[in-house]
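No hydrogens, no waters, no symmetry mates; every other heavy atom, side chains included, goes into these values.
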Amino acid sequence: MFGKYDNFPVNVHFFKIFSSMLNSKQLQQELIDTFKNLNRKSFCFEEISIPTIPNSEVIFEFGIAEGDGFNFLDEEEIDQTLSALKTGQTMLDFFCVIRYYRYVAQKKSALKFDYYMLRVNFAVKIAEFRIFHKQGPRYISPEELVMMIVNNINKNTTNRILNENI
């Protein structure tokens, strides 16, 4: 089934509920737009978290679930996802790869990557995030990942779309 990962773990590493001023469909669209804007964008580690690696770069890659796998959210996949969201899904599963690079003497070297699975459940004016850390050094914690996503959803609006006050 599109948007659902068949083998999503029952036990997660982080769980957080947010209230929302948007309905589920609008919130899903904001989430997909945020992932589209974050995909393959380079950040200084300091922009995301307290850096555990000095002079480093962080790059995110997001994919959406389809059965027992994930598809990278490129332009074509985003169009298919937005079309599929019209069916009124209440849950979406995503995969997130966080790539880390260190600069030493202006040379870029890859470090180990983090692999996360995210499940977002949508209810009336509520979004519930469940995060599972699949593997990697965990330079960015599950909580930091969720807050980075939420802050990016909220950053382009005058009113906060997602609030922690539940």
Side-chain angles (χ1 to χ4, degrees), residues 1-43 47-49 58-99 113-136 138 140-166:
M1 182 170 125
F2 184 80
K4 182 179 184 297
Y5 182 59
D6 294 338
N7 299 313
F8 197 90
V10 176
N11 298 321
V12 294
H13 295 113
F14 184 73
F15 171 84
K16 185 91 173 164
I17 298 175
F18 295 89
S19 63
S20 176
M21 57 185 266
L22 301 178
N23 66 39
S24 295
K25 194 177 287 186
Q26 292 169 320
L27 187 53
Q28 289 170 347
Q29 190 160 8
E30 286 291 330
L31 185 63
I32 299 299
D33 287 344
T34 297
F35 289 164
K36 173 184 173 185
N37 293 332
L38 291 174
N39 251 349
R40 295 196 173 149
K41 184 177 177 189
S42 176
F43 295 91
E47 294 177 83
I48 309 300
S49 174
V58 178
I59 298 173
F60 296 91
E61 292 184 356
F62 291 93
I64 190 159
E66 187 167 10
D68 62 351
F70 293 89
N71 300 325
F72 177 73
L73 280 172
D74 58 10
E75 288 296 326
E76 182 181 327
E77 196 66 33
I78 287 171
D79 291 342
Q80 290 176 357
T81 300
L82 293 175
S83 295
L85 292 180
K86 294 176 184 174
T87 63
Q89 287 184 251
T90 60
M91 178 187 66
L92 292 172
D93 292 338
F94 300 94
F95 192 73
C96 176
V97 176
I98 305 175
R99 300 186 302 161
F113 300 168
D114 274 317
Y115 299 89
Y116 283 98
M117 286 189 270
L118 296 81
R119 174 166 279 173
V120 185
N121 291 307
F122 301 92
V124 178
K125 307 275 184 183
I126 290 178
E128 172 192 280
F129 286 78
R130 294 176 178 266
I131 308 294
F132 179 79
H133 181 256
K134 187 167 174 66
Q135 74 181 55
R138 214 169 177 170
I140 294 177
S141 72
E143 182 176 4
E144 290 169 325
L145 176 59
V146 169
M147 294 313 299
M148 188 271 309
I149 293 167
V150 168
N151 290 338
N152 273 279
I153 289 172
N154 287 333
K155 85 175 180 185
N156 293 328
T157 61
T158 53
N159 295 329
R160 294 179 63 85
I161 292 173
L162 291 170
N163 295 296
E164 293 184 64
N165 60 358
I166 285 189

Is [X] reaching over with its side chain to a backbone N or O of [Y], donor-acceptor style, under 3.5 angstrom?
{"X": "N152", "Y": "L38", "result": "no"}
{"X": "N154", "Y": "R160", "result": "no"}
{"X": "S49", "Y": "I140", "result": "no"}
{"X": "K125", "Y": "S19", "result": "no"}
{"X": "N71", "Y": "G63", "result": "no"}
{"X": "E77", "Y": "D74", "result": "no"}
{"X": "S24", "Y": "A123", "result": "yes"}

Verdict with reasoning, R119 to E128, per salt bridge (Lys or Arg N to Asp or Glu O under 4.0 Å):
CA-CA 8 Å; R119 174 166 279 173; E128 172 192 280; over 6 Å; no

Would a 4.5 Å heavy-atom cut-off, applied to side chains only, mark [X] and [Y] as touching?
{"X": "K36", "Y": "T34", "answer": "no"}
{"X": "Q29", "Y": "D33", "answer": "yes"}
{"X": "L82", "Y": "I78", "answer": "yes"}
{"X": "C96", "Y": "E61", "answer": "no"}

Could you check N121, V10, L118, D93 and say which one makes a side chain to side chain contact (heavy atoms under 4.5 Å, CB included) with R130?
N121

Paired with F113, the side chain to side chain contact (heavy atoms under 4.5 Å, CB included) test is passed by just one of I98, I59, V97, namely V97

Would you confirm whether the ring centroid of [Y] sits within less than 6.0 angstrom of the ring centroid of [X]?
{"X": "F15", "Y": "F129", "answer": "no"}
{"X": "F8", "Y": "F132", "answer": "no"}
{"X": "F94", "Y": "Y5", "answer": "no"}

Answer with yes or no whether the side chains of S141 and E144 bring together a donor and an acceptor at under 3.5 Å.
yes

Heavy-atom pair of closest approach, residues H13 and H133:
ND1-N, 2.8 Å

Taking atom CG as the centre, does D79 end up with more than 12 heavy-atom neighbours from other residues, nucleotides or ligands that are less than 6.0 angstrom away?
yes

Does a salt bridge link K16 with E164, judged by any charged N lying under 4.0 Å from a carboxylate O?
yes

Nearest 0.5 angstrom please: I17 CD1 to N163 CG, how far?
14.0 Å

Where does the angle between the aromatic ring planes of F62 and F60 fall among parallel (under 30°), tilted (30 to 60°) and perpendicular (over 60°)?
parallel

